[in-house]
Amino acid sequence: MEQLAFCPSRESHCMSAIRHALSIKREDDFAKWYQEVISAADMAEESGVRGCMVIKPWGFGIWERMQRLLDDRIKAAGVQNAYFPLFIPLANFEREAAHVEGFAKEMAVVTHHRLIADGDGGLIPDPEAKLEEPLVVRPTSETIIGDAMSRWVQSWRDLPLKLNQWANVVRWEMRTRMFLRTSEFLWQEGHTAHADEAEARVETMRALEMYRAFAEEDAAIPVIAGEKPENERFPGARETWSIEAMMQDGKALQAGTSHYLGTSFAEAANIRYQNREGGQELCHTVSWGMSTRMVGGLIMTHGDDDGLRVPPALAPFQIVILPMLRGKPEDAALLDYCEGLHAGLAGQSALGEPLRVLLDTRPGKAAGKRWDWVRKGAPIILEVGSRDMENGVVSMLRRDALWNAETGKPAFQNPARETAIDTISSILSDMQSGLFAEARERRDANITREIDNMEGLAEFFGEDRRYPGWAEVQWSKPTGEGLKAVEEQLKALKLTFRNVPMNTPPADGTCIFTGAPAVERIYVARAY
RNA sequence: CGGGGAGUGGCGCAGCCUGGUAGCGCAUCUGUUUUGGGAACAGAGGGUCGCAGGUUCGAAUCCUGUCUCCCCGACCA
């Protein structure tokens with residue numbers, strides 16, 4: 001049983017009176033709760049193929065919103081979208097040694113191009129149709145995009161070259177979890193080539209800042225941006241930077257990364273340009289990515305005991321109108337009233353975009369449908385019955401303030417229809433910032449900066465408080481064997497380094513691992 | 001990939017030890033009565049018990065293999 005880092009206490013004093021929409025509470029079994037949210041919110045399901053999932057419309061709709069908002073940010077940075085092949089020639093992949101080493105263990109390989117009958121009613125790969133050179137299914141595209149870049153970059157005038165692709169990738173994971181670690185996942189990968197190191201580093205940091213802004217402003221997920229230590233770097237990278245988010249069980253989730261690759265990938269793929277003086281120079285390359293893992297982060301950041309709560313910026317539908325139809329002639333007038341509401345809302349905008357409103361007229365009881373939308377996490381539900389119509393009001397339910405603590409019942413408000421139309425935009429804005437503030441408060445309450453020795457660390461992450469959050473500690477940043485020894489110390493406590501946060505005060509103490517003078521501060525946590 | 005657990009209608013489970021061709025709750029459908037709210041009652045539909053072999057007169061149940069999922073570990077941009 002995992003202990004929560006922080007339990008919202010808003011409804012705790014009357015918990016018994018509230019009948020939650022899920023059967024499992026976060027505090028009782030966080031892993032099981034996570035799975036129940038995914039199925040109860042109808043986001044995804046198992047596919048029968050190991051580590052692969054079917055993303056259903058509501059889950060994919062959230063991903064599409066993420067794509068849209070991040071894509072806007074990517075394009076605003078002058079990056080162009082393109083698409084590169086799923087299959088990568090093995091030889092192409094072999095060129096960067098550290099990169100190969102990092103991915104070889106989890107690669108899917110295509111070896112045949114035809115099937116034949118096995119004589120027993122089944123099909124087998126045709127031995128006659130073996131590929132001369134096997135193709136690997138991309139686990140990431142540095143190599144194949146580098147190959148293209150080597151052709152596209154000739155002169156300093158071609159630089160910088162900034163590309164991005166939205167694609168699926170495959171990594172043969174040993175242990176999978178829906179959205180968080182699947183064998184196949186969806187992501188975007190940005191790949192840029194630059195004339196020099198300084199410009200490449202600027203791009204590395206630009207992408208990192210873009211992810212921070214996306215996570216915090218669009219997904220309402222507070223993150224810590226920083227540099228990964230040597231042992232957590234992307235295979236082949238000179239530097240790896242990440243944004244790290246704290247989940248409601250206190251574990252860390254890496255939610256986006258940006259890598260300064262130096263010239264090693266340019267060397268491997270021969271990405272060179274002629275400089276102003278006529279000499280040949282290697283490009284400095286950068287890559288950065290964010291994936292469907294972010295959807296998992298969204299669930300574990302904003303979900304509650306009634307299901308998912310989708311921040312308005314990411315909600316496929318921000319407002320769901322539920323007419324309380326009775327299968328009687330009066331329904332026509334009620335529908336008319338709801339269509340007026342729908343039309344009024346459709347003319348509004350929130351968070352810089354037109355409102356996304358659904359008038360849900362599917363057959364079925366309004367009350368039953370209400371709980372479906374609560375579990376899915378639609379930000380605002382507007383139930384409209386005949387009495388609402390007579391009074392010119394609507395019954396409004398905010399997903400971020402679902403319960404009336406006094407009564408233990410859903411906290412309906414009853415604004416006039418026109419008032420609802422006029423104020424809903426600001427309610428959505430409030431909800432967006434409110435979800436972020438709630439998550440940030442929870443995270444900040446579960447970070448400690450007080451630990452200055454290993455005993456303290458062991459105690460902080462002790463068994464009686466299994467997931468207490470993160471510790472920011474000072475360390476001497478050893479490398480090679482020294483770093484390996486520190487990793488062993490962490491492993492014994494089931495901990496990992498997360499990142500070295502930006503903009504923190506300089507180190508002024510001793511390294512909790514080695515006792516040597518510390519050179520920087522680094523986050524330590526359990527992680528997904 | 002190692003250790004443990006599990007796969008039975010859409011979801012959650014019982015049955016398995018002690019083989020005799022499947023049951024419960026929720027959901028769904030129909031009808032009636034209700035109706036400001038997660039309705040009640042009655043009836044109905046839906047499962048070759050993950051898959052493949054084997055033992056047996058007979059397998060959800062016993063045996064073998066295999067696939068998938070969950071937990072712990074190893075691994076993991």
Side-chain angles (χ1 to χ4, degrees), chain A residues 1-2 18-24 29-32 34-36 38-40 42 45-53 96 98-107 120-122 138-142 169-178 180-183 185 187 189 228 231-237 240-242 254-259 261 287-291 293 306 322-328 330 334 363-375 381 383-391 393-395 397 402-403 408-410 412 414 466 491-492 494 496 527-528:
Chain A
M1 184 145 102
E2 296 179 359
I18 291 177
R19 184 178 154 204
H20 285 287
L22 297 184
S23 64
I24 299 163
D29 189 335
F30 195 76
K32 212 167 174 188
Y34 175 76
Q35 285 161 204
E36 190 180 3
I38 290 170
S39 70
D42 211 24
E45 63 181 26
E46 297 296 341
S47 67
V49 178
R50 184 184 174 79
C52 297
M53 62 177 176
E96 217 290 332
H99 192 59
V100 178
E101 165 124 31
F103 283 106
K105 300 182 288 287
E106 51 184 46
M107 203 85 81
D120 203 23
R138 66 176 164 229
T140 178
S141 304
E142 274 75 7
V169 289
V170 169
R171 299 177 187 179
W172 215 259
E173 299 289 350
M174 287 295 112
R175 190 174 172 188
T176 60
R177 302 191 70 180
M178 285 223 190
L180 296 176
R181 179 174 285 110
T182 45
S183 296
F185 57 93
W187 75 345
E189 44 180 325
K228 287 290 201 184
N231 62 310
E232 299 277 350
R233 266 182 215 146
F234 176 71
T240 287
W241 297 73
S242 73
Q254 179 176 308
T257 50
S258 184
H259 315 288
L261 302 173
S287 69
W288 30 275
M290 188 215 71
S291 73
R293 174 176 247 210
D306 297 293
L322 292 178
M324 302 182 66
L325 303 172
R326 297 234 169 97
K328 292 182 177 166
E330 303 89 271
L334 185 59
K365 299 232 164 199
K369 292 198 292 184
R370 169 168 88 224
W371 292 106
D372 286 345
W373 287 110
V374 164
R375 283 185 284 261
I381 295 169
E383 287 189 23
V384 185
S386 54
R387 194 172 303 164
D388 293 315
M389 179 171 62
E390 283 160 28
N391 298 334
V393 303
V394 299
S395 292
L397 196 54
L402 196 56
W403 299 104
K409 297 204 159 124
F412 282 106
N414 293 285
R466 282 175 66 198
K491 195 182 274 184
K494 299 181 191 172
T496 58
Y528 280 100

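Chain letters run A, B, ... following the sequence lines, proteins first and then strands; every chain starts at 1. The model shown is predicted, which means the values in this text are computed figures rather than measured ones.
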Rounded [atom1] spacing from [N] to [M] in Å:
{"N": "B:rC51", "M": "B:rU33", "atom1": "C1'", "value": "48 Å"}
{"N": "B:rA22", "M": "B:rG9", "atom1": "C1'", "value": "11 Å"}
{"N": "B:rA59", "M": "B:rC75", "atom1": "C1'", "value": "40 Å"}
{"N": "B:rG4", "M": "B:rG20", "atom1": "C1'", "value": "34 Å"}
{"N": "B:rC67", "M": "B:rA52", "atom1": "P", "value": "15 Å"}
{"N": "B:rC62", "M": "B:rU55", "atom1": "C1'", "value": "8 Å"}
{"N": "B:rU48", "M": "B:rA44", "atom1": "C1'", "value": "22 Å"}
{"N": "B:rG10", "M": "B:rG47", "atom1": "C1'", "value": "12 Å"}

Not counting sequence neighbours, which residues clear side chain to side chain donor-acceptor pair (under 3.5 Å) with [X]? List them please.
{"X": "A:Glu173", "answer": "none"}
{"X": "A:Ser242", "answer": "A:Glu244, A:Asn499"}
{"X": "A:Ser395", "answer": "A:Asp388, A:Asn414"}

Taking only N/O atoms, report every protein-nucleotides 26-35 of chain B pair under 3.5 Å with atom names and distance.
| unit_1 | atom_1 | unit_2 | atom_2 | d |
| --- | --- | --- | --- | --- |
| B:rU35 | O2' | A:Arg326 | NH2 | 3.0 |
| B:rU35 | O2 | A:Arg326 | NE | 3.2 |
| B:rU35 | O4 | A:Lys328 | NZ | 3.2 |

Complementary nucleotide for [N] - Watson-Crick or wobble, under 3.5 Å:
{"N": "B:rC16", "value": "none"}
{"N": "B:rG45", "value": "none"}
{"N": "B:rA59", "value": "none"}
{"N": "B:rG25", "value": "B:rC11"}
{"N": "B:rG73", "value": "B:rC1"}
{"N": "B:rA6", "value": "B:rU68"}
{"N": "B:rU35", "value": "none"}

Next on the checklist: In the structure I gave you, are the side-chain heavy atoms of A:Leu334 and A:Arg326 within less than 4.5 Å of one another anywhere?
Outcome noted: no
Checklist entry - How about A:Phe234 and A:Thr257: do any of their side-chain heavy atoms sit closer than 4.5 Å? => result no
Checklist entry - Is it true that a side-chain atom of A:Thr240 and a backbone atom of A:Lys228 form a donor plus acceptor pair closer than 3.5 Å? => result no
What's the [atom1]-[atom2] distance between [X] and [N], to the nearest Å?
{"X": "A:Arg375", "N": "B:rC11", "atom1": "CZ", "atom2": "P", "answer": "14 Å"}
{"X": "A:Glu173", "N": "B:rU68", "atom1": "CD", "atom2": "C1'", "answer": "17 Å"}
{"X": "A:Glu383", "N": "B:rG36", "atom1": "CD", "atom2": "C1'", "answer": "9 Å"}
{"X": "A:Glu45", "N": "B:rC70", "atom1": "CD", "atom2": "P", "answer": "14 Å"}
{"X": "A:Trp172", "N": "B:rU68", "atom1": "CH2", "atom2": "P", "answer": "8 Å"}
{"X": "A:Ile38", "N": "B:rC11", "atom1": "CD1", "atom2": "C1'", "answer": "16 Å"}
{"X": "A:Lys105", "N": "B:rC76", "atom1": "NZ", "atom2": "P", "answer": "5 Å"}
{"X": "A:Glu106", "N": "B:rA74", "atom1": "CD", "atom2": "P", "answer": "17 Å"}

Could I get the full list of salt bridge (charged side-chain N to carboxylate O under 4.0 Å, His left out) partners for [X], not counting sequence neighbours?
{"X": "A:Arg177", "value": "none"}
{"X": "A:Arg370", "value": "A:Glu383"}
{"X": "A:Glu45", "value": "A:Lys56"}
{"X": "A:Glu232", "value": "none"}

Identify each atom pair where a protein N or O and an N or O of nucleotides 1-5 of chain B are less than 3.5 Å apart, giving names and distance.
| unit_1 | atom_1 | unit_2 | atom_2 | d |
| --- | --- | --- | --- | --- |
| B:rC1 | N4 | A:Met174 | O | 3.4 |

For [X], answer base if it contacts any base atom (sugar-phosphate contacts may also be present), sugar-phosphate if it contacts only those atoms, and nothing otherwise; contact means non-hydrogen atoms under 4.0 Å.
{"X": "A:Gly385", "answer": "base"}
{"X": "A:Gln254", "answer": "base"}
{"X": "A:Gly51", "answer": "sugar-phosphate"}
{"X": "A:Thr257", "answer": "base"}

Checklist entry - Taking OP1 and OP2 of B:rC76, is either one under 4.0 Å from a side-chain nitrogen or oxygen of A:Lys491? => result no
Next on the checklist: Check the phosphate of B:rG73 against A:Lys494, side-chain N and O only, distance under 4.0 Å to OP1 or OP2. Yes or no?
Outcome noted: yes
Checklist entry - Side-chain donor or acceptor of A:Ser395 under 3.5 Å from a matching atom on the base of B:rG37? => result no
Item to check | Spacing of OG belonging to A:Ser183 relative to CE belonging to A:Met174, to within rounding of 0.5 Å | outcome: 8.0 Å
Checklist entry - About how many Å separate CG of A:Asp372 and CG of A:Leu322, when rounded to the nearest 0.5 Å? => result 9.0 Å
Item to check | Comparing A:Thr176 and A:Asn231 on RNA chain B - which has the more 5′ nearest nucleotide | outcome: A:Thr176
Item to check | Given RNA chain B, 5'-ward residue of the pair A:Trp371 and A:Arg177, judged by closest heavy atom | outcome: A:Trp371
Next on the checklist: From the set B:rG37, B:rC70, B:rC76, return the single nucleotide nearest to any side-chain atom of A:Gln35.
Outcome noted: B:rC70
